[in-house]
Enquirer: 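Below are the structure tokens for one structure; questions will follow.
Counting starts at 1 for both ligands and their atoms, in listed order.
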Amino acid sequence: MTILITGASGFIGMHLSKRLLEMEYNVVGYDNINNYYNPMLKKSRLDELNKYENFNFYKADLINYNTLESVFNKYGDINVVINLAAQAGVRYSIEKPQAYIDSNLKGFGNILEACRNYDVKHLIYASSSSVYGANTKMPFSTKDEVDHPVSLYAATKKSNELMAHSYSHLYGIPTTGLRFFTVYGPYGRPDMAYYSFTKDIIEGNTIKIFNNGEMMRDFTYIDDIVDGIVRLIDQPPQPDPDWDRENPTPESSYAPYKIYNIGNNQPVKLMDFIETLEKHIGKKAKKEYLPMQPGDVQATYADIDDLTEATGFKPTTTIDEGLKKFVDWYMDYYKVGGK
Ligand SMILES: NC(=O)c1ccc[n+]([C@@H]2O[C@H](COP(=O)([O-])OP(=O)(O)OC[C@H]3O[C@@H](n4cnc5c(N)ncnc54)[C@H](O)[C@@H]3O)[C@@H](O)[C@H]2O)c1
């Protein structure tokens, strides 16, 4: 079977592709290698993937439907599409909203059209925990309404879920949306706090801690996330026979449509997270405490019961183990820290 993975030179896309290549799937990667963060890191990730004979890669943009279609034409057997390509990041969506409209809305629209025209059997796509927006009821549940986004990024991710539903309804395409909760690990994203904290602690720069460190995050180690996605590939959603039009729940449907949280349901205090980082780096951070940033949320914590029930998914990596692996990778990749 051939699987198309968009965003394959991104953080999650690279790790997922690697696992699937090891499982002997044919993987077609698709990514525009944009410069939202240093493209050299994306190239290093691709170097890891190019070691496998069953990997093919296209440097192309999702907003170009013809290019996307040419990839489907070339490989007649793309049955599963995993769409991870997107403009990510909450803060950048305040600075550059157009990038989100282009990649996350137009780009996702093209993915749906390709799935429709090429009879794809399962579309799995990245949503985000940020769709919970102004909700404060914890843990965040896919059974709760998410109609109050606090960033354009979150609004585009929620839109993807709605767009997917319309295609599941109109064309019977099985679609699974995954709301990721702060994923971290080797080859991670430099725009995320754990990555820049590591850099700054090593270089002796002051780290900025928002909301006086009164934040909790459901940090999920990359291998656990990959495990969850792999478990879902052969489980396209079926219409839910219990779905009730009089009392509709948001996460399933009469159409083959499903939304899952995918996270670690053990939230960690930001200050504990920083202490663990300091331990593995072997150096104390210089800290500056600042107020909450616009668009940020105080806590994220996932209810993952649905995914556990459907697939047996259970994150196993502790923060201590996961951050050790990240710091070891970081020091080796950048040749810093003297460990
Ligand atoms: N990492 C997290 O903690 C997290 C949390 C919530 C949601 N997500 C979502 O998961 C997905 C993967 O995230 P990631 O952390 O790997 O991000 P990433 O930025 O490392 O990967 C995304 C990749 O998509 C590519 N891309 C962006 N726009 C494109 C376009 N128009 N056409 C082709 N390629 C394009 C980028 O070049 C990048 O390599 C994203 O959709 C993101 O929004 C991630």
Side-chain angles (χ1 to χ4, degrees), residues 4-18 28-46 49 57-65 67-68 71 81-93 96 98-111 114 124-132 140 149 151-161 164 177-195 217-222 224-226 228-229 259-264 297 300 302 322 326:
L4 174 70
I5 301 185
T6 71
S9 68
F11 168 44
I12 300 175
M14 176 277 227
H15 285 278
L16 176 66
S17 299
K18 194 161 184 244
V28 178
Y30 192 101
D31 198 303
N32 65 1
I33 317 187
N34 66 30
N35 59 5
Y36 166 58
Y37 58 79
N38 192 342
M40 284 310 291
L41 182 58
K42 298 183 183 182
K43 296 211 168 100
S44 301
R45 295 184 186 127
L46 280 179
L49 299 179
F57 181 74
Y58 291 83
K59 182 179 181 304
D61 203 303
L62 275 188
I63 60 172
N64 185 343
Y65 183 74
T67 325
L68 190 58
V71 172
V81 173
I82 304 179
N83 185 60
L84 299 168
Q87 180 55 58
V90 168
R91 290 184 193 146
Y92 190 63
S93 68
K96 210 159 175 232
Q98 198 61 46
Y100 293 75
I101 303 287
D102 288 344
S103 293
N104 304 8
L105 298 181
K106 286 190 196 155
F108 191 67
N110 284 339
I111 283 287
I124 299 176
Y125 61 95
S127 182
S128 165
S129 62
S130 64
V131 299
Y132 289 100
F140 288 144
S151 67
L152 183 70
Y153 169 65
T156 62
K157 290 292 182 181
K158 165 72 179 174
S159 307
N160 288 172
E161 297 179 0
L178 297 177
R179 294 179 182 165
F180 293 113
F181 281 69
T182 317
V183 190
Y184 74 100
Y187 284 103
R189 270 197 11 229
D191 61 320
M192 292 181 72
Y194 70 91
Y195 203 111
R217 284 287 178 276
D218 215 359
F219 294 100
T220 322
Y221 188 66
I222 182 66
D224 289 326
I225 288 284
V226 166
I229 304 174
I259 301 291
Y260 290 109
N261 282 338
I262 181 164
N264 187 347
V297 290
T300 64
F326 172 70

Enquirer: Under the 6.0 Å and 45° cation-pi test, does Arg179 pair with Tyr132?
Expert: yes

Enquirer: Might you point out which heavy atoms bring Leu46 and Ser9 nearest each other, and give the distance in Å?
Expert: CG-CB, 3.7 Å

Enquirer: Between Asp191 and Tyr36, is there a side-chain donor-acceptor contact under 3.5 Å, judged purely by atom types and distance?
Expert: yes

Enquirer: Is it true that Tyr195 and Phe326 have ring centroids separated by less than 6.0 Å?
Expert: yes

Enquirer: For Tyr194, which residues count as a side chain to side chain donor-acceptor pair (under 3.5 Å) partner, sequence neighbours excluded?
Expert: none

Enquirer: Quick one: closest heavy-atom pair of Ala86 and Lys157, and the distance?
Expert: CB-NZ, 3.5 Å

Enquirer: Pairs of nitrogen or oxygen atoms, one from ligand 1 and one from the protein, closer than 3.5 Å: please tabulate them with distances.
Expert:
| from | atom 1 | to | atom 2 | distance (Å) |
| --- | --- | --- | --- | --- |
| ligand 1 | 1 (N) | Arg189 | NH1 | 3.3 |
| ligand 1 | 3 (O) | Val183 | N | 2.7 |
| ligand 1 | 15 (O) | Arg189 | NH1 | 2.8 |
| ligand 1 | 16 (O) | Phe11 | N | 3.2 |
| ligand 1 | 16 (O) | Ile12 | N | 2.8 |
| ligand 1 | 20 (O) | Phe11 | N | 2.9 |
| ligand 1 | 20 (O) | Tyr37 | OH | 2.5 |
| ligand 1 | 26 (N) | Asn32 | OD1 | 3.4 |
| ligand 1 | 28 (N) | Ser103 | OG | 3.3 |
| ligand 1 | 31 (N) | Asp61 | OD1 | 2.9 |
| ligand 1 | 31 (N) | Ser103 | OG | 2.9 |
| ligand 1 | 32 (N) | Leu62 | N | 2.9 |
| ligand 1 | 34 (N) | Asn32 | N | 3.1 |
| ligand 1 | 34 (N) | Asn32 | OD1 | 3.3 |
| ligand 1 | 37 (O) | Asp31 | OD1 | 2.6 |
| ligand 1 | 37 (O) | Asn32 | OD1 | 3.3 |
| ligand 1 | 37 (O) | Asn34 | N | 3.3 |
| ligand 1 | 37 (O) | Lys42 | NZ | 2.9 |
| ligand 1 | 39 (O) | Gly10 | N | 3.3 |
| ligand 1 | 39 (O) | Asp31 | OD1 | 3.2 |
| ligand 1 | 39 (O) | Asp31 | OD2 | 2.7 |
| ligand 1 | 41 (O) | Leu84 | O | 3.1 |
| ligand 1 | 41 (O) | Lys157 | NZ | 2.8 |
| ligand 1 | 43 (O) | Tyr153 | OH | 2.7 |
| ligand 1 | 43 (O) | Lys157 | NZ | 3.2 |

